[in-house]
Amino acid sequence: RPPRGLVCIGAGQAGYKVRRMSVRVVVGGAVFDGGRLLAARRSAPPELAGRWELPGGKAEPGETPPQTLVRELREELGVEVEPLEPLPGEWPLKPGYVLRVWTAALRSGEPRPLEDHDELRWLPPDRVDEVDWLDEDRPAVAEAVRRLRAA
Ligand code: 9L3
Ligand code: MG
């Protein structure tokens, strides 16, 4: 078997040929407005339903992370956001996926749970702990709140 992170694409007497496993990026948005952070409660899949996240989704081939974020938040929440800065770090999700997070400012629209969410909340920094965040999102939420407090 090839080492972790590599996939076998052919084998012969000489050994095997490998290719680096491609990892798909999921982009989440730490959306700020009026000194508060937007939290979204997932309605799917069943194992994640009821947990809260920084809304976003999978990058399509050729997209930059800011493009993914703008598209996903338009689709999921019906809003226009302006991506601001990437948070340092990358957090593993299910196998083959990693989470990256950008801060973003709400530019127009009022977020509504159009797909994949059933509740949204604007949380001031001292209330971010009142929702049950997905474990993978917690470090990014903590960093987003530090920036919100410093702003
Ligand atoms: N995910 C985790 N934290 C987030 C986001 C936006 C997504 N902040 C996980 C949940 C799914 C996968 O990434 O397993 C793909 O997300 P989506 O396309 O279902 O939103
Ligand atoms: Mg999504």
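Index from 1, following the sequence. Note that the structure is a prediction, hence the values are computed from the model and not measured. We count ligands from 1, going down the list as the structure has it; atoms in each ligand are counted the same way.
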- Looking at ligand 1, does Asp137 have a heavy atom less than 4.0 Å from it? yes

- Message: Could you tell me, atom by atom, which parts of ligand 1 come under 4.0 Å of a heavy atom of Gly56?
- Response: 6 (C), 20 (O)

- Query: Counting heavy atoms only, which part of Arg42 comes closer than 4.0 Å to ligand 1: side chain, backbone, both or neither?
  - Reply: side chain

- Message: Which heavy atom of Val26 sits nearest to which heavy atom of Tyr97, and what is that distance?
- Response: CG2-CD2, 3.8 Å

- Heavy-atom contacts under 4.0 Å between Asp116 and ligand 1: side chain, backbone, both, or neither? neither

- Message: I'd like to know: is the Mg ion (ligand 2) within the 2.8 Å range of an N/O/S atom from Gly56, strictly under that distance?
- Response: yes

- Which is the closest N/O/S atom of Glu76 when seen from the Mg ion (ligand 2)? OE2

- If you scan protein heavy atoms around atom 13 (O) of ligand 1, the nearest is Leu93 CD1, 3.5 Å

- Task: Please examine the side chains of Asp135 and Trp91, heavy atoms only from C-beta on, and report whether any two atoms are closer than 4.5 Å.
- Result: no

- For ligand 1, is any non-hydrogen atom under 4.0 Å from Leu134's backbone (N, CA, C, O), its side chain (CB onward), both, or neither? side chain

- Query: Which heavy-atom pair separates Arg121 from Val131 by the least distance, and what is that distance?
  - Reply: NH1-CG1, 3.6 Å

- Message: Between the side chains of Glu80 and Arg107, is the shortest nitrogen-to-carboxylate-oxygen separation below 4.0 Å, so that they form an ion pair?
- Response: no

- Task: Go through the steps for Arg24 and Glu60 under the test side-chain contact (heavy atoms from CB on, under 4.5 Å), then give the verdict.
- Result: CA-CA 9 Å; Arg24 208 147 165 214; Glu60 297 290 348; 4.1 Å; yes

- Message: Once you restrict to heavy atoms under 4.0 Å, what part of Lys94 touches ligand 1? Side chain, backbone, both or neither.
- Response: side chain

- Before signing off on this row, confirm whether Leu99 and ligand 1 have an N or O atom pair separated by under 3.5 Å. no

- Taking atom 5 (C) of ligand 1 as the reference point, the nearest protein heavy atom with its distance: Glu53 OE1, 3.1 Å

- Any chance CZ of Arg19 has more than 12 other-residue heavy atoms, nucleotides or ligands included, within less than 6.0 Å? no

- Message: Among all the protein's non-hydrogen atoms, which is closest to atom 11 (C) of ligand 1, and how far away is it?
- Response: Leu48 CD1, 4.0 Å

- Query: If you take all heavy atoms of Glu72 and Lys58, which pair is closest and at what distance?
  - Reply: OE2-O, 3.7 Å

- Least distance between heavy atoms, Val128 atom then Leu37 atom: CG1-CD2, 4.1 Å

